[in-house]
Amino acid sequence: MKILVIGDIVGNPGREAVRALVPQLRRRHDLDLVIANCENVAGGAGVTPKTAQELLGFGVDFLTSGQHIWRYKEIGPYLNQEPRLIRPANYPSGAPGSGAGIIQARDGTRVGVLNLVGRVFLETNTDCPFRIGQREVERLRKETPVILVDMHAEATSEKIAMGWYLDGQVSAVVGTHTHIQTADERILPKGTAFLTDLGMTGPYNSVIGRRVDQILERFLTGLPQKFEVPEENVILCGAIVEVDPKTGCAQAITRVQERLLPF
Ligand SMILES: [Fe+2]
Ligand SMILES: [Fe+2]
């Protein structure tokens with residue numbers, strides 16, 4: 001079976017890319033499931049019920065997120081009522097929503113999805129992603145051997161460490177949050193597909209999704225700036241993971257970079 005995982009969708013241009021490209025990618029690659037990280041979908045940071053629903057209407061089957069998930073208050077109640085949207089599992093207990101879920105793919109396979117957030121260079125007050133990750137994987141494995149993990153973290157080391165930690169227990173560990181796609185896709189020795197970062201779905205001529213002039217002004221002056229999301233040169237980034245549905249082992253992982261319009 002084939003699963004497309006899409007990296008951080010940024011703002012309106014990111015949503016446009018998903019709307020236009022996901023149906024094409026589904027047909028071209030005969031995809032069974034589409035999963036996307038939506039933490040930047042509302043104006044560049046955060047997610048609202050409306051923008052999450054839009055993505056689910058554009059052919060995305062399941063949404064993961066990251067530390068920006070809490071930006072809009074209305075997302076708390078929505079997380080409690082929409083099982084296709086999850087937040088990192090290692091937030092302290094009592095946080096709204098769930099950190100893992102199960103979704104049925106087109107071929108009938110039940111796929112477990114787990115979301116974790118890193119603790120290195122990230123201002124989050126969270127529990128250990130490794131211990132919580134292990135606990136959640138054991139719980140999901142009672143339901144299905146096909147499990148995908150979105151490790152939302154800043155440090156490459158923390159993401160790679162998670163790949164090795166869960167190797168052989170899950171189908172794939174893919175990273176999000178840095179918005180820059182890495183070129184280290186591989187199958188680890190015990191059968192887990194790994195990629196340090198999926199990259200961003202949003203404006204390519206930007207600094208991780210924000211206007212270049214505004215980010216430069218911030219670096220040059222040190223003063224607070226408004227950061228806007230450019231609308232042009234939009235790219236969808238992610239990876240396609242091929243999994244044996246019986247064993248949950250990954251057979252291949254291929255990076256995806258798809259332009260909305262030529263540029
Ligand atoms: Fe992000
Ligand atoms: Fe993030």
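Of the listed residues (Arg106, Arg84, Arg26), just one forms a salt bridge (charged side-chain N to carboxylate O under 4.0 Å, His left out) with Asp61, and that residue is Arg26.
For the pair Thr201 and Gly7, the tightest heavy-atom approach, listed with the atom from each and the gap, is OG1-O, 3.3 Å. The minimum heavy-atom distance between Cys237 and Leu198, with the atom names listed, is CB-O, 3.3 Å. The two residues Asp150 and Gly175 come nearest to each other via the heavy atoms OD1-C, 4.4 Å. When all heavy atoms of Ile147 and Val137 are compared, the pair lying nearest together is CD1-O, 4.2 Å. Nearest heavy-atom pair across Glu74 and Pro49 is CG-CD, 3.4 Å.
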### Query
Given Arg19 and Glu54, is the side-chain contact (heavy atoms from CB on, under 4.5 Å) satisfied, shown in steps?
CA-CA 9 Å; Arg19 186 180 66 81; Glu54 246 183 81; over 6 Å; no
### Task
May I have the step-by-step check of side-chain contact (heavy atoms from CB on, under 4.5 Å) for Val18 and Leu55, ending in yes or no?
CA-CA 7 Å; Val18 168; Leu55 293 177; 4.1 Å; yes
### Message
Go through it in stages, so that I can follow the logic: the residues are Ile69 and Val47, the test is side-chain contact (heavy atoms from CB on, under 4.5 Å), and I'd like the CA-CA distance, side-chain angles, deciding distance and then a yes or no.
### Response
CA-CA 6 Å; Ile69 181 80; Val47 52; 3.3 Å; yes
### Chi angles and distances behind the side-chain contact (heavy atoms from CB on, under 4.5 Å) call for Val256, Leu236
CA-CA 8 Å; Val256 173; Leu236 180 150; 4.2 Å; yes
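Counting heavy atoms from C-beta on, the side chains of Val41 and Arg15 come closer than 4.5 Å. Two residues are said to be in side-chain contact when any heavy atoms from C-beta on lie closer than 4.5 Å; Phe227 and Ile215 meet this criterion. Here the side chains of Thr51 and Cys38 are not in contact, with every heavy-atom distance at 4.5 Å or above. The side-chain heavy atoms of Gln134 and Leu166, taken from C-beta on, include a pair separated by under 4.5 Å. With contacts defined as side-chain heavy-atom distances shorter than 4.5 Å, the pair Leu85/Ile75 qualifies. Residues Glu16 and Val234 have side chains not in contact (no heavy-atom distance under 4.5 Å, counting atoms from C-beta outward). Contact annotation: the side chain of Val10 approaches that of His179 to within less than 4.5 Å [non-hydrogen atoms, C-beta and beyond]. Proximity of Thr109 to Val243: side-chain heavy atoms (C-beta onward) are nowhere separated by under 4.5 Å.
In this structure, the separation between CZ on Phe121 and CD on Glu158 is 9.5 Å, given to the nearest 0.5 Å. The CZ atom of Arg87 lies 10.5 Å from the CG atom of Leu116; values are rounded to the nearest 0.5 Å. Taking CG from Asp32 and CG from Leu4, the interatomic distance works out to 11.5 Å, rounded to the nearest 0.5 Å. Remark: Asp8 CG to Ser65 OG distance equals 10.0 Å, nearest 0.5 Å. Note that CE of Met162 is 10.0 Å distant from CZ of Phe194, once rounded to the nearest 0.5 Å. Atom-to-atom distance recorded for Leu79:CG and Trp70:CH2 is 5.5 Å, nearest 0.5 angstrom.
Note on Lys159 versus Asp197: salt bridge recorded, some NZ/NE/NH1/NH2 to OD/OE distance being below 4.0 Å.
Within a 6.0 Å radius of CZ in Phe263, other residues, nucleotides and ligands contribute more than 12 heavy atoms. Atom OH of Tyr165 has more than 12 neighbouring heavy atoms from other residues, nucleotides or ligands inside a 6.0 Å radius.
There is a path of hydrophobic side-chain contacts, each under 4.5 Å, that joins Tyr78 to Tyr91. Hydrophobic clustering, with ILVMFWY side chains joined whenever heavy atoms are under 4.5 angstrom apart, keeps Ile103 apart from Val22.
With no hydrogens or angles considered, no side-chain donor-acceptor pair links Gln67 and Glu123 at under 3.5 Å.
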